[in-house]
Q: 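Below is the structure I would like to discuss, written out as structure tokens.
Predicted model only: the values in this text are computed from it and were never measured.
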Amino acid sequence: MTTRRTLLAGGLGLIGVGTLTACTVPNTSSPQDANTQTPGTAITHIHAIVRDPEDGVVLLATHEGLFRLQDRELVQMGPVVDLMGFAVTPEGRYLASGHPAPGTGLPEPLGLAESTDRGLSWEVLSRGGQSDFHALAAGPAGVLGVDGQLRASADGINWRTLTIPTPPASLAISPKTGTVLTTTEAGMLRSVDNGATWSTLDTPQLMHLVAWADDTTVVGAGTDGRLLTSSDGGDTWTSSDPLSDTASALGASITDGGQVEALLVIDTAVLRTTDGGNTTEPLL
């Protein structure tokens, strides 16, 4: 298994607000078979972190593919794909976009792909060879993705382009109501009509990442390193003390005990907090 010592062969870059960072196709001479589960290799960048809603395992979408993290051990799932965008639908299906390694048989860029076997294999649904979604979110009304434009799809196949006042940096959709939040360089925006119209939220500071824990609870990562939490869908916020650095990936959920859990990637660490960021626990 990959250990903490081999987690990072390079730095974990932070996607700037309103920008799309450059990415390259993973280079491997022996790409993994899409239907096998194997021990992981060194991770150089984590693009997304989330818990699998079915079994609660932490998922890391990385430059080297998808990893499951459990008991401080990593297992790589499926083919090597630089997963620039990753989301889990309310039904538990995985959605992804990015750049496949040579030999995977997947288009470059990936477009929107779906996995129904926890990342062991991927099926391209649409826009293969066209779109590299750097932000991706799934909700009850469908999928939102950013590939230079904000696009929406109810079925993952047919897309329409949405108008938004400022380019999105990250996207999050509440699991039942479908309320959309997006971080931008002009502040956080909210839509209650699937992206047709947007309003600007009054937040304590600029945030570059946002995630729903449930339909009313939101966690955001501030550009100054603070973690912010809202229990009313983004109307009011509480803020933590500054963390060690700004987060480069963020996920949120509600624990069995009713606590708000935030999963963070900061520098070389994968962290968990259940008290709004005041204390953190290393997961890797």
Side-chain angles (χ1 to χ4, degrees), residues 11-23 45-50 61 84-87 133-137 139 144-150 162-174 179-192 195 197-214 216-253 260-267 269-273 275-280:
L12 287 174
L14 176 65
I15 296 179
V17 176
T19 64
L20 297 179
T21 53
C23 50
H45 190 101
I46 299 173
H47 297 296
I49 181 170
V50 65
M84 300 301 300
F86 182 81
F133 292 110
H134 280 227
L136 201 61
L144 292 177
V146 179
D147 63 353
Q149 293 184 311
L150 179 61
L162 300 179
T163 300
I164 188 168
T166 309
S170 67
L171 294 166
I173 306 176
S174 61
T179 300
V180 182
L181 295 177
T182 179
T183 59
T184 80
E185 62 184 4
M188 184 174 291
L189 305 181
R190 179 169 60 193
S191 175
V192 296
T197 60
W198 299 89
S199 60
T200 302
L201 297 184
D202 183 14
T203 60
Q205 62 186 272
L206 196 64
M207 287 177 262
H208 63 282
L209 298 172
V210 64
W212 289 91
D214 61 14
T216 58
T217 310
V218 187
V219 178
T223 55
D224 70 346
R226 298 176 192 268
L227 195 68
L228 295 96
T229 306
S230 172
S231 59
D232 53 16
D235 288 330
T236 61
W237 298 82
T238 58
S239 178
S240 73
D241 291 332
L243 302 175
S244 58
D245 205 342
T246 52
S248 58
L250 172 69
S253 62
V260 179
E261 178 192 65
L263 301 173
L264 305 160
V265 178
I266 297 179
D267 292 330
V270 178
L271 305 172
R272 171 182 184 264
T273 179
D275 60 6
N278 293 318
T279 62
T280 58

Q: Quick check: do I49 and L264 have side-chain heavy atoms less than 4.5 Å from each other?
A: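 No. Closest side-chain heavy atoms not under 4.5 Å.
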Q: Would you say L150 and L171 make side-chain contact, with heavy atoms under 4.5 Å?
A: yes
Q: Heavy atoms only: give me the nearest V210-M188 pair and the separation to one decimal.
A: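 Smallest interatomic distance, heavy atoms only, reads CG2-CE, 3.7 Å.
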Q: How close do I46 and A249 get, counting heavy atoms only, and between which atoms?
A: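 Minimum heavy-atom contact is O-CB, 4.1 Å.
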Q: May I ask you to decide if S199's main-chain N or O and R190's side chain share a donor-acceptor pair within less than 3.5 Å?
A: no
Q: Looking only at side-chain N and O atoms, does T229 offer a donor or acceptor that is under 3.5 Å from a partner on T238?
A: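 No, because no side-chain N or O of T238 sits under 3.5 Å from a partner of the opposite role on T229.
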Q: Is there a donor-acceptor pair closer than 3.5 Å between any side-chain N or O of S230 and the backbone N or O of T236?
A: yes
Q: Atom CG of L201 and atom OG1 of T182: how far apart are they, to the nearest 0.5 Å?
A: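 The distance works out to 10.5 Å.
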Q: Report yes if some heavy atom in the side chain of L144 is under 4.5 Å from a heavy atom in the side chain of F133; otherwise report no.
A: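 A side-chain contact under 4.5 Å is absent here.
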Q: Mind listing the closest non-hydrogen atom pair of A211 and A172 along with its distance?
A: CA-CB, 4.0 Å
Q: Taking the side chain from T246 and the backbone from D224, do they hold a donor-acceptor pair closer than 3.5 Å?
A: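 Such a contact is absent between T246 side chain and D224 backbone.
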Q: Set out, in order, the CA-CA distance, both residues' side-chain angles and the distance that settles side chain to side chain contact (heavy atoms under 4.5 Å, CB included) for L227 and L250, then state yes or no.
A: CA-CA 10 Å; L227 195 68; L250 172 69; 4.1 Å; yes
Q: For the residue pair A186 and T166, what are the closest heavy atoms and their distance?
A: CB-OG1, 3.7 Å
Q: State, with a plain yes or no, whether a side-chain heavy atom of L243 is found less than 4.5 Å away from one of L271.
A: no
Q: Are the side chains of W237 and M207 in touch, meaning some heavy atoms are under 4.5 Å apart?
A: yes
Q: Say whether, by atom type as modelled, one donor and one acceptor occur between the side chain of S174 and the main chain of T179 under 3.5 angstrom.
A: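 At least one qualifying donor-acceptor pair exists.
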Q: More than 12 heavy atoms of other residues, nucleotides or ligands under 6.0 Å from CG of D202: yes or no?
A: no
Q: So, do T163 and W198 sit near enough that their side-chain heavy atoms are less than 4.5 Å apart?
A: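 T163 vs W198: side chains apart.
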Q: State, to 0.1 Å, how close A221 and A247 come at their nearest heavy-atom pair, and which atoms those are.
A: CB-CB, 4.2 Å
Q: Report the distance from atom OG of S248 to atom CG of D267, rounding to the nearest 0.5 Å.
A: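 One finds 8.0 Å between OG of S248 and CG of D267.
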Q: Does any part of the side chain of H208, heavy atoms only, come nearer than 4.5 Å to the side chain of T223, both counted from C-beta?
A: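 Counting from C-beta outward, T223 and H208 do come under 4.5 Å.
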Q: May I ask you to decide if V180's main-chain N or O and S191's side chain share a donor-acceptor pair within less than 3.5 Å?
A: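 Not a single qualifying donor-acceptor pair exists.
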Q: How long is the straight-line distance from OG1 of T216 back to CG of D232, given to the nearest 0.5 Å?
A: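 The distance works out to 8.0 Å.
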Q: So do L136 and H47 actually touch side chain to side chain, heavy atoms under 4.5 Å?
A: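 No - every pair of side-chain heavy atoms lies 4.5 Å or more apart.
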Q: Which heavy atom of D275 sits nearest a heavy atom of T279, and at what distance?
A: OD2-OG1, 2.5 Å
